[in-house]
Each structure stands twice: as structure tokens, then as C-alpha cells.
K.L.:
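Would you mind keeping the following structure in view while I ask a few things?
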Amino acid sequence: MAQRTSGVTAEELKDQLNIVDVINRVVPLKRAGSNYKGICPFHNEKTPSFIVSEQKQIFTCFGCGARGDVIEFTKKYYNLDFVEACEKLGRENGIEVEFRKGTENKKRDRYLSLNRTAARYFCKTFFEAKNPGYTYMRNRGMDDATLTRFGVGYADPEWDSLTKYMKSKGASDEELIELGLSSRARDGRLYDKFRNRVMFPIINTSGSVIGFGGRKIDEKDEPKYLNSPENPVFLKKNNLYGLNTAKQEVGDGKPAVIVEGYMDVMGLYRYGVKNAVASLGTALTENQARLIRRYTREVVLCYDADNAGINAALRGIDVLGAQDLKVRVFHVEDGKDPDEFVKIHGRDAFLELARKAPPATQYKLENAAKGMDLDTEEGKLEYLRRAAAILKALSPVERDIYVKSLSEKLKVSERAINEEVEITKDPAPPRPGNSVYAEDDEATELTSSDAYIIKALLTDPSLTEKLFEEPGVITSGLGKRIEDNLFRTYGLRGTYEEKDAYQGLDPEERQKASEALDQVALNGKEEEVFLENLTRYRLKKLRRKQGIIINNIDIAENSEVDQSTMEGLTMELIEVENMIKELEERDNGRK
């Protein structure tokens with residue numbers, strides 16, 4: 001163990017640690033030349049491609065592209081932010097970490113303190129006087145113990161109650177706006193963002209209040225749920241509601257039950273199911289899956305039985321499976337929400353449904369059969385095509401089991417099913433985490449690039465054909481939802497209008513998208529603008545790849561990597577550099 005020191009910086013912390021020692025605690029490493037090799041913890045692999053360089057104090061995976069120093073490894077492996085990773089490394093190695101340039105750290109602590117103050121204010125308002133929020137939650141079957149356990153509060157309907165209180169505690173206008181506790185009116189005054197709502201504090205696994213969700217009480221209010229915006233202490237994709245409460249149960253060997261919302265988590269807890277968490281109203285993310293993996297290897301998905309819930313479950317299966325988590329899926333009976341079901345039927349009935357939940361592959365196959373008449377030849381053929389795409393992604397043993405099952409069910413030979421699987425295209429690989437752009441599936445703002453591309457598409461829908469060839473150009477969550485709408489409409493009609501872009505978006509998202517697009521002026525150069533953004537994306541993507549290959553060549557030279565691998569890397573580098581040169585020349589020719 002390192003000697004205890006007085007207040008080292010992050011850079012000094014790295015100097016005092018050996019990356020090989022840190023990683024070897026969780027990933028078994030073997031010497032390979034002057035480096036060390038092991039199975040990558042960030043993607044599924046059988047042949048080791050994860051290299052740790054003691055000389056350079058970095059790790060690199062030749063399989064998935066993950067790379068970085070000891071702090072980056074700790075962040076990625078344990079799903080922590082920079083400060084948390086440094087603190088964990090310091091704690092485990094007897095080193096006192098001091099952030100001498102601690103502006104960010106101080107701001108983070110300040111914001112967490114303000115959130116805690118707001119949470120106490122909401123909670124006091126909820127419990128100390130009669131109010132519609134408390135009445136609503138009691139009518140939903142919640143008892144005081146559960147309400148207290150989750151820190152539930154109430155935002156009154158007044159214009160600026162919370163704002164005045166927070167300012168009396170020293171909060172600035174800028175802090176309240178960035179945290180999403182207040183908004184600014186046209187006349188410059190601040191007003192409360194949350195009004196006449198039941199308030200659910202979102203608490204991380206360290207016990208800090210990082211954000212809020214507010215549920216409407218009056219049916220005429222919109223939206224139904226209003227959440228804190230993303231800010232320095234709150235990123236939805238990195239957190240799960242209720243995990244601070246459920247982590248002990250999950251850590252004791254129970255599966256994590258993932259449900260859709262705050263009320264589901266609380267309702268299940270109220271009736272004794274204490275291992276439930278929710279994904280904060282968003283599609284399950286890679287970071288959330290990694291967070292779950294810290295506590296368990298088994299997950300049960302329990303989403304609503306509507307199309308949105310089914311689609312969320314199907315996507316969640318893939319995200320969780322990519323983290324090597326065992327997944328089962330079920331929907332509660334009669335289309336009820338989990339909290340309604342457990343209130344009517346009790347804890348044991350819910351747990352029995354969870355116990356009998358089909359494995360992920362079985363669920364996918366059953367879902368693929370919906371709407372198919374399997375008594376007809378046409379129905380069988382269509383279903384087999386769908387099933388083959390699912391079976392293609394399985395391991396040989398798992399595939400064999402399901403092929404046998406399908407053969408018996410459909411009265412089709414195993415050989416024919418296997419041949420159908422073989423001619424089916426490989427499923428699309430998961431989007432890499434080290435994208436050229438910082439992707440955010442939940443972002444509710446359009447990036448500048450996304451706005452220009454979408455504006456060009458809306459002006460000239462024929463450009464959609466070019467976008468089909470380059471998935472990943474649109475990076476923000478809001479942008480990708482609009483892109484999906486346009487692709488779907490284009491496939492049906494061969495064109496689209498601006499209104500088609502906003503299908504399924506909530507009012508706040510529609511407004512933000514519309515405002516962003518209104519600020520874009522193309523001046524009749526929509527194709528030129530579109531191609532410029534496309535080229536910029538391709539160049540950034542290629543330059544990033546170039547840097548990774550150069551680094552990999554450098555590391556491979558000091559590892560037991562065979563000559564054919566080295567030759568392959570060299571040829572790949574030459575090819576990428578030629579592509580960069582060609583794109584740069586083409587781009588310069590347009591200017």
C-alpha cells in the first residue's frame with residue numbers, strides 16, 4: 001500500500017500509483033512482453049485483447065477501443081465521475097487527495113448542498129401542513145414510512161416560494177437556474193420551476209440529492225412529469241432512481257428489478273419488494289447498466305405492457321446483455337402498473353411473476369411472434385425470418401437450445417432453421433462508447449450540427465438518402481428522436497413535413513427543437529451545408545481512429561503481438577490516412 005501523504009493532486013496521485021497493481025485487483029493480468037494482458041472488462045471477449053502498459057501507465061483494449069490512465073479505468077469500471085474516481089483511488093491506497101485547483105469540486109459540493117436544502121424545504125412543505133400532494137400520495141396507497149424513506153416533498157402552487165427561500169439561504173440566480181430549481185420570466189424575475197407538484201428527490205448511491213422529479217397533481221397541468229435539467233451534478237444516464245435504497249437488497253444476491261417510474265419503485269417498496277429501481281423516465285443506458293453490474297449480475301425488466309414499454313424492454317435487453325448481465329422480462333397482468341398490481345395482489349404475487357419471467361431470448365422470440373399466424377405457411381416464413389435475426393446473435397449452445405424449441409413448435413426441421421440463421425445478416429454492432437461526438441441519448445437540446453442537418457433535411461427531404469449511409473451523424477438524444485421520425489415518415493411517404501419531425505415529443509422538446517431550427521438560416525444552400533457537416537463528422541471519426549491505431553501500434557511493438565497483427569494495424573493506418581487525405585481534398589474543393 002502506498003504511504004499516506006498530505007494532499008496530493010490528481011496528477012500526483014497517478015504518479016504514486018502503478019496502474020498494473022490497480023487493474024490487477026479486478027482484472028487478472030499476465031505478462032506479455034514488456035506489458036500485461038487480460039480479458040477486457042468493458043466488452044465480452046474470449047481471447048485477451050486488453051493490454052496494460054506499465055511503462056506508459058495506460059490501458060488499451062484492441063477489441064473495443066477503450067483506453068486511458070488509472071483514473072480513467074477507475075471511472076469506467078466503477079461508473080464514477082472524475083472526483084469520485086480520484087477519491088476512491090486515494091481511499092484504497094492510503095493517499096489523501098487534494099484538488100488544489102478545486103473549482104469544479106467546490107461547485108459540485110455547493111450544488112449538492114443547495115439541492116439538499118431544496119429537498120428539505122419540499123419535504124417540510126409536504127408533511128407540516130395539509131396539501132394536495134400529501135393527499136394524492138396517500139390516495140395512491142403510500143404510508144408515511146415509505147414517503148419519509150424516499151424523502152418525498154411538495155412544491156406549492158405559488159409563484160416563487162422556493163426561489164425566495166433558496167435566495168434567503170444565499171443561493172444566486174445563476175445557481176438556481178442551472179440546477180433547474182428556478183426559471184427566468186420575460187420581465188427578468190425568477191419563478192419556481194416546480195409548482196403544485198409532488199416532488200421526488202433523486203438520490204445517488206452516496207446519499208447526495210442530485211436532482212428532482214415533479215409529478216403533476218392537477219390533470220390540466222403539463223407535462224405529467226417534470227425533471228431537473230442536466231447540470232454539473234445530475235446526468236440522467238449515469239443514475240437510477242431508488243438504487244440508493246435498493247443497493248443493499250440487490251447486493252445481497254437479489255436481482256435488480258427495473259421499472260419505469262418513481263411511483264413503481266415506491267409502490268413496490270411499500271409492499272415489501274425492496275430491490276426495484278427506475279431509469280428516470282429514459283431509455284436504459286450503457287452507464288446505467290454498468291452501474292447495476294457493480295451490485296448484481298441478474299436483472300428483471302418490468303415495464304408497462306404498451307408498445308413503448310415493449311420497445312424499452314427490447315432495447316434494455318441489448319444494453320444489459322452487453323454488460324454480461326442475465327436478463328429476464330415480464331409485464332404485469334391486466335396492463336396495470338407494478339405499483340397498482342402489488343397493491344391489489346400483494347408482494348408474493350409480484351415476486352411469483354418475476355420468478356417466472358422468461359429469459360431475454362425467449363421474450364424476444366415471443367414478441368416476434370405477435371401478429372403472426374403460425375398456422376399458415378406465410379406466417380411461419382415471416383416469423384422464421386424474424387427469429388433468425390434473434391438467433392444469429394446467440395452463442396452456439398444457446399442457439400442450439402432455441403433452434404430445437406422452434407423446430408418442435410413450428411414443425412420445421414432444425415437444419416432448415418439453422419440455414420435460415422446462417423444466411424441472415426449479422427446484427428448491427430452496438431454503438432461504441434468512444435464515439436467521435438459525445439453522444440447523449442437523453443439530451444433534450446439539439447447540438448448546432450444536429451440543427452443544421454435537420455434543417456437541411458426538412459428543406460430538402462431527398463437528402464435523407466445520404467443520411468441512411470452514415471448512421472451516427474446526429475448525436476443528441478432529441479436529434480435522434482427527430483431523425484427516427486423523419487426516417488419512418490420518409491419510408492412510408494418518400495417525403496415529410498416539419499410537423500412530422502415532432503411526433504411523440506413532449507411539448508418542451510417540441511418547443512426547444514422548433515426554437516433551435518428557427519435560428520438556422522441555410523440561404524438556399526441546404527445541400528452544401530448538409531455535406532459540410534457530413535464531411536466534418538467523417539473527418540473527426542477518421543482522425544480519432546487514426547490516433548487509436550497509432551497508439552495501438554506503439555503498444556503492440558512492446559507486447560507479444562504476432563507479426564500479422566502488426567501488419568494489419570499498419571495497413572489499417574495507411575488506409576485511414578488515405579481516406580483522411582481524400583476527404584480533406586474534397587472538402588477544400590467545395591470551399
Side-chain angles (χ1 to χ4, degrees), residues 19 23 29-69 72-73 76 322 425-439 449 453 465-475 527-591:
I19 192 171
I23 293 180
L29 298 174
K30 292 184 178 180
R31 183 172 285 280
S34 62
N35 296 320
Y36 292 81
K37 183 183 288 188
I39 296 293
C40 180
F42 305 124
H43 79 289
N44 295 323
E45 63 173 13
K46 295 179 181 178
T47 303
S49 61
F50 182 78
I51 302 293
V52 183
S53 170
E54 190 167 30
Q55 180 183 12
K56 295 186 176 184
Q57 287 294 298
I58 61 173
F59 70 91
T60 298
C61 178
F62 288 94
C64 68
R67 67 185 305 273
D69 58 23
E72 182 61 26
F73 177 86
K76 193 173 179 66
K425 290 183 179 179
D426 287 329
R431 192 169 57 234
N434 57 342
S435 169
V436 48
Y437 292 126
E439 296 182 357
S449 176
I453 291 171
E465 301 285 351
K466 297 183 184 296
L467 202 60
F468 282 145
E469 302 166 6
E470 199 72 57
V473 179
I474 302 238
T475 59
E527 184 171 9
E528 183 179 337
V529 169
F530 180 84
L531 293 175
E532 283 178 0
N533 278 276
L534 207 59
T535 299
R536 194 177 302 124
Y537 166 79
R538 289 169 175 164
L539 279 170
K540 286 186 178 181
K541 186 176 175 182
L542 286 169
R543 285 173 182 146
R544 186 180 186 91
K545 187 174 182 180
Q546 178 189 35
I548 291 171
I549 296 170
I550 290 171
N551 179 75
N552 288 349
I553 289 174
D554 192 21
I555 289 183
E557 287 175 345
N558 295 300
S559 302
E560 293 176 350
V561 176
D562 58 49
Q563 188 61 31
S564 63
T565 299
M566 282 295 297
E567 290 174 357
L569 287 170
T570 304
M571 292 302 297
E572 188 178 7
L573 179 61
I574 293 171
E575 182 182 353
V576 168
E577 288 177 340
N578 286 337
M579 291 169 69
I580 290 173
K581 183 178 179 181
E582 181 183 343
L583 272 179
E584 286 176 336
E585 290 174 352
R586 191 186 308 168
D587 194 40
N588 290 333
R590 262 201 307 268
K591 293 178 180 177

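Quick note: numbers below take in every heavy atom, side chains included, and nothing from hydrogens, waters or symmetry partners.
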K.L.:
Can you check whether I23 reaches F50 side chain to side chain, under 4.5 Å on heavy atoms?
P.N.:
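Yes - at least one pair of side-chain heavy atoms lies under 4.5 Å apart.
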K.L.:
Does the pair E582/R538 count as a salt bridge with the N-to-O cut at 4.0 Å?
P.N.:
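No, E582 and R538 are not salt-bridged.
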K.L.:
Heavy-atom distance under 4.5 Å between the side chains of Y36 and I51, does that happen here?
P.N.:
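In short, these two side chains do not touch, never coming nearer than 4.5 Å.
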K.L.:
Using side-chain hydrogen bond (donor to acceptor under 3.5 Å, both in side chains) as the criterion, list what pairs up with E45, not counting sequence neighbours.
P.N.:
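Result, side-chain hydrogen bond (donor to acceptor under 3.5 Å, both in side chains) vs E45: H43, S49.
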K.L.:
When rounded to the nearest 0.5 angstrom, what is the spacing between CZ in R543 and CD in E584?
P.N.:
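CD of E584 is found 4.5 Å from CZ of R543.
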K.L.:
About how many Å separate CG of L583 and CG of N578, when rounded to the nearest 0.5 Å?
P.N.:
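Here the rounded value is 11.5 Å.
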K.L.:
Where do E72 and R67 come nearest, in terms of heavy atoms and distance?
P.N.:
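Taking every non-hydrogen atom into account, CG-O, 3.7 Å.
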K.L.:
I'd like to check R536 versus L539 (side-chain heavy atoms, cut-off strictly below 4.5 Å). Are they in contact?
P.N.:
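They are not in side-chain contact.
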K.L.:
Can V473 and L534 be said to form a side-chain contact (heavy atoms from CB on, under 4.5 Å), step by step?
P.N.:
CA-CA 7 Å; V473 179; L534 207 59; 3.6 Å; yes
K.L.:
Just to verify, what does E577 make a salt bridge (charged side-chain N to carboxylate O under 4.0 Å, His left out) with, not counting sequence neighbours?
P.N.:
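Not a single residue meets the salt bridge (charged side-chain N to carboxylate O under 4.0 Å, His left out) criterion with E577.
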K.L.:
So which of L29, N35, I58 actually passes side-chain contact (heavy atoms from CB on, under 4.5 Å) with V52?
P.N.:
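Single side-chain contact (heavy atoms from CB on, under 4.5 Å) partner of V52 among L29, N35, I58: L29.
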K.L.:
In terms of the angle between their ring planes, are F73 and F59 parallel, tilted or perpendicular, with boundaries placed at 30° and 60°?
P.N.:
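F73 vs F59 ring planes: perpendicular.
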K.L.:
Residues two or more places apart in sequence or in another chain: which of them pass side chain to side chain contact (heavy atoms under 4.5 Å, CB included) with Q57?
P.N.:
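Testing Q57 for side chain to side chain contact (heavy atoms under 4.5 Å, CB included), a comparison that skips the adjacent residues, returns N18, I19, E54.
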K.L.:
I need the minimum non-hydrogen distance between I39 and T47, along with the two atoms involved.
P.N.:
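Result for this residue pair: CD1-C, 4.1 Å.
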